[in-house]
K.L.:
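Mind looking over this structure? Questions follow.
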Amino acid sequence: MVSQRVVATFHLPREWLGALPDLADFVEWGSGEPAPRDWLLKEVGEADGLLCTVTDRVDEEILRAARRLRVISTYSVGYDHIDVGAARARGIRVGYTPDVLTDATADLAFALMLAVSRRVVEGDRLIRSGGWRIPWSATFMLGSEVHGRTIGIIGMGRIGRAIARRAAGFDMKILYNSRTPKPDVAAEYAPLDALLPRSDFVVLAVDLNPSTYHMVDYGFLRRMKRSAYLVNVSRGKVIVERDLIRALEEGIIAGAALDVFEDEPIGADHPLARMNNVVLTPHIGSATVETRRRMAEVAVENLLRGLR
Ligand code: DGY
């Protein structure tokens, strides 16, 4: 297989790559920054396999440049950054890494729910800035509870189901919305009009596609409870961010906890970063050592199968 060329747009620890670097002529973009477009356009020209990730836009232009490409393996569960239709039309196989990151992402959804409603990050910031002066007060830093409340999960795929399992452990009432009702899920299916006004936490676990792009706009947020929190572990472009900022400024919802953003990365000057009732994490849903290693195994296996 050594005559086959594999291009990786990012660095993975050598021991996570298994036999790949020995089996193929392996080229990787080694810096921590996303691979530049020009580099990818050039390198993909002679590649048989492409190992890419969410920061690479694999579109018509890249595919046109990729004269020999037979397989694209993305190191992610989401594949909205790949023009899958155009790849298929050229007979290029596309692999992704579902299942292995489900639990890590659901864990993060819960971490975000707890952090925003129990003001965990705000409390940490208060102490570090020297602002904790009174040892204890009956009305100091009151948040709202998670256990026993109602969660509205939007998207009942693998990650939505894993969030529902955790919510059951917190004795939550579980509502969900998805394209079709899932009779095997122990939760109540609700149309958005019914889910939004009843949920204390609205958690987004959808994939990004034309029907979910910008689904959370001002009208959506206005249908939520004023005391509710919005949590997003899916894709940033599911939310119209300026509408969310407006809703938070106007007190239309109580807060938000977000792992993903419309344009990543965001900086300290972003309006969301100035809000106390917002918890932000830098797209780390799957970022555990165990999960990222398993993702590597799946991505390498997908790539090798495609080459074979
Ligand atoms: C994914 O897998 O799609 C995440 O967003 C990155 O791990």
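When a ligand or atom number is given, it counts from 1 through the structure's own listing order.
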K.L.:
Check ligand 1 against the protein and report each N/O to N/O distance under 3.5 Å, formatted as atom name, atom name, distance.
P.N.:
residue, atom, partner, partner atom, Å
ligand 1, 2 (O), Val77, N, 2.7
ligand 1, 3 (O), Val77, N, 3.3
ligand 1, 3 (O), Gly78, N, 2.9
ligand 1, 3 (O), Arg235, NH2, 2.7
ligand 1, 5 (O), Arg235, NH1, 2.8
ligand 1, 5 (O), Arg235, NH2, 3.4
ligand 1, 5 (O), His283, NE2, 2.6
ligand 1, 7 (O), Ser286, OG, 2.8

K.L.:
Please indicate whether Arg293 has more than 12 foreign heavy atoms, meaning atoms of other residues, nucleotides or ligands, lying under 6.0 Å from its CZ.
P.N.:
yes
K.L.:
Can we say Arg246 and Glu250 salt-bridge, meaning some charged N sits less than 4.0 Å from an Asp/Glu carboxylate O?
P.N.:
yes
K.L.:
Which one of Val58, Val54, Asp59 satisfies the side-chain contact (heavy atoms from CB on, under 4.5 Å) criterion with Asp56?
P.N.:
Val58
K.L.:
Does the distance from a Lys or Arg side-chain N to an Asp or Glu carboxylate O, for Asp22 and Arg14, drop under 4.0 Å?
P.N.:
yes
K.L.:
For Tyr79 and Tyr96, take the angle between the two ring planes, folded into 0 to 90°, and tell me which bin it lands in: parallel under 30, tilted 30 to 60, perpendicular over 60.
P.N.:
perpendicular
K.L.:
According to salt bridge (charged side-chain N to carboxylate O under 4.0 Å, His left out), who are the partners of Arg88, at least two apart in sequence or on a separate chain?
P.N.:
none
